[in-house]
Amino acid sequence: MSGILENKVAIVTGAAKGIGLAIAKRLSDEGAHVVIADIDGTGAQDAAGTVRSGEGVACDVRDENQVAQLVRDTVERHGHLDIMVGNAGVATVNPLVKMSLEEWRNVLAVDLDGVFLCTKHAAAAMAANGGGSIINVASIKAFGGAPGVGNYGAAKAGVVSLTKTAAMEMRDHGVRVNAICPGWLATDMVADKKAELEALLGVSFEDYIGHVQGRLGEPEEVAGLALFLASDRSSFSSGAAYVVDGGASASLL
């Protein structure tokens with residue numbers, strides 16, 4: 001049986017694991033051919049072997065030449081690009097007063113500059129072919145402060161604003177641009193920062209998560225929303241920032 005993305009071509013960045021891989025699998029399950037892009041080229045190739053239809057390529061989203069080549073190669077190989085998921089991201093944990101300028105810039109280079117470059121080059125390719133869907137992965141930290149991740153939050157707030165501007169600029173070209181804003185998820189990036197977060201917050205990570213959102217979300221729960229935004233089922237949705245956080249951002253307590 002055909003899926004809702006049959007004959008579509010997608011690029012997902014930062015897709016060797018975590019949210020990106022979950023999205024790549026979901027898009028592929030619905031018929032899309034997925035280009036899994038990651039700074040870890042070997043990891044990307046390994047991940048491609050786990051999806052229905054995909055290929056893995058190395059790409060550092062901080063480098064405009066590499067992003068432009070990624071988009072160009074995809075269009076040359078497959079004839080078109082229909083879906084771009086700007087997911088690649090990194091995080092550090094440090095209060096602002098202790099954060100170096102290098103640490104600040106390193107996170108923004110991947111989490112904001114990388115999304116800008118993917119949006120820029122994908123939008124141009126899509127407009128030349130009649131349209132498409134760009135999905136940028138932001139965070140609920142775009143909407144409120146979170147101790148220790150000021151660089152990450154600032155980058156994700158920038159992603160939301162970038163998404164809205166791109167949606168307006170590309171509307172008449174048939175390109176929709178939306179953002180997904182997850183809460184805390186069960187990913188390697190979160191697990192790697194657990195001890196640092198506990199030291200900063202002064203409580204166990206499990207207690208903190210239990211209080212703010214009940215449980216950790218699963219990458220697959222984000223992938224379902226990405227599928228909707230990638231498909232024609234969201235044909236009238238553009239410039240929106242969709243929250244998927246178990247209700248965390250709904251509470252003041």
Atom [atom1] in [X], atom [atom2] in [Y]: separation rounded to 0.5 Å?
| X | Y | atom1 | atom2 | result |
| --- | --- | --- | --- | --- |
| T92 | D192 | OG1 | CG | 13.0 Å |
| D113 | K120 | CG | NZ | 11.5 Å |
| K8 | S28 | NZ | OG | 15.0 Å |
| T50 | K17 | OG1 | NZ | 14.0 Å |
| D60 | N65 | CG | CG | 11.0 Å |
| L70 | D63 | CG | CG | 11.5 Å |

query = If you count the non-hydrogen atoms of other residues, nucleotides and ligands that lie under 6.0 Å from CD in E76, is the total more than 12?
reply = yes
ask   = Does CZ in R233 sit with more than 12 non-hydrogen atoms of other residues, nucleotides or ligands closer than 6.0 Å?
value = no
Please examine the side chains of [Y] and [X], heavy atoms only from C-beta on, and report whether any two atoms are closer than 4.5 Å.
| X | Y | result |
| --- | --- | --- |
| F143 | S249 | no |
| P182 | D245 | no |
| L27 | L5 | yes |
| L200 | P95 | yes |
| F205 | E196 | no |

query = Is there a side-chain hydrogen bond (donor to acceptor under 3.5 Å, both in side chains) between T163 and N136 once you walk through the steps?
reply = CA-CA 7 Å; T163 296; N136 295 325; 3.1 Å; yes
Shortest non-hydrogen contact from [X] toward [Y]:
| X | Y | result |
| --- | --- | --- |
| I83 | A230 | CD1-CB, 3.8 Å |
| A125 | V71 | CB-CG1, 3.7 Å |
| D111 | V159 | O-CG2, 3.2 Å |
| G20 | V12 | O-CG1, 3.6 Å |
| T119 | A166 | CG2-CB, 3.9 Å |
| A48 | G56 | CB-N, 3.4 Å |

Candidates [options] - the one meeting side-chain contact (heavy atoms from CB on, under 4.5 Å) with [X]:
| X | options | value |
| --- | --- | --- |
| M126 | H173, M84, H80 | M84 |
| L197 | I209, V203, V93 | V93 |
| M168 | M170, K164, R171 | R171 |

Are [X] and [Y] grouped together when hydrophobic residues (ILVMFWY) are joined by side-chain heavy atoms under 4.5 angstrom apart?
| X | Y | result |
| --- | --- | --- |
| I140 | Y242 | no |
| V177 | L81 | yes |
| L162 | V61 | yes |
| L117 | V85 | no |
| V243 | V137 | no |

Check against side-chain hydrogen bond (donor to acceptor under 3.5 Å, both in side chains), S234 and R176 = CA-CA 9 Å; S234 59; R176 298 183 296 107; 3.0 Å; yes
task = Evaluate side chain to side chain contact (heavy atoms under 4.5 Å, CB included) for D232 paired with I4, printing each intermediate quantity in order.
result = CA-CA 8 Å; D232 292 339; I4 62 174; over 6 Å; no
request  = Provide the full list of salt bridge (Lys or Arg N to Asp or Glu O under 4.0 Å) pairs with a residue in residues 20-48, sequence neighbours left out, each pair given once.
outcome  = none
Just by distance, do the side chain of [X] and the backbone of [Y] share a donor-acceptor pair under 3.5 Å?
| X | Y | value |
| --- | --- | --- |
| N7 | A32 | no |
| S161 | G158 | no |
| T13 | N87 | yes |
| N94 | G148 | no |

query = Between C181 and V160, is a side chain to side chain contact (heavy atoms under 4.5 Å, CB included) present by the stated rule, with each step listed?
reply = CA-CA 9 Å; C181 303; V160 170; 4.1 Å; yes
Full working for side chain to side chain contact (heavy atoms under 4.5 Å, CB included) between V57 and I36 = CA-CA 6 Å; V57 299; I36 293 176; over 6 Å; no
key: Under-4.0 Å salt bridge between K98 and E103   = no
inquiry  = Check this for me: does any side-chain nitrogen of one of R215 and E221 sit under 4.0 Å from a carboxylate oxygen of the other?
reply    = yes
task = Tell me, with the steps shown, if S53 and V34 meet side chain to side chain contact (heavy atoms under 4.5 Å, CB included).
result = CA-CA 6 Å; S53 177; V34 183; over 6 Å; no
Chi angles and distances behind the salt bridge (Lys or Arg N to Asp or Glu O under 4.0 Å) call for E206, K194 = CA-CA 9 Å; E206 289 76 15; K194 177 182 173 181; 2.6 Å; yes
request  = Look at the rings of H78 and H33 and say which category their plane angle falls in: under 30° parallel, 30 to 60° tilted, over 60° perpendicular.
outcome  = tilted
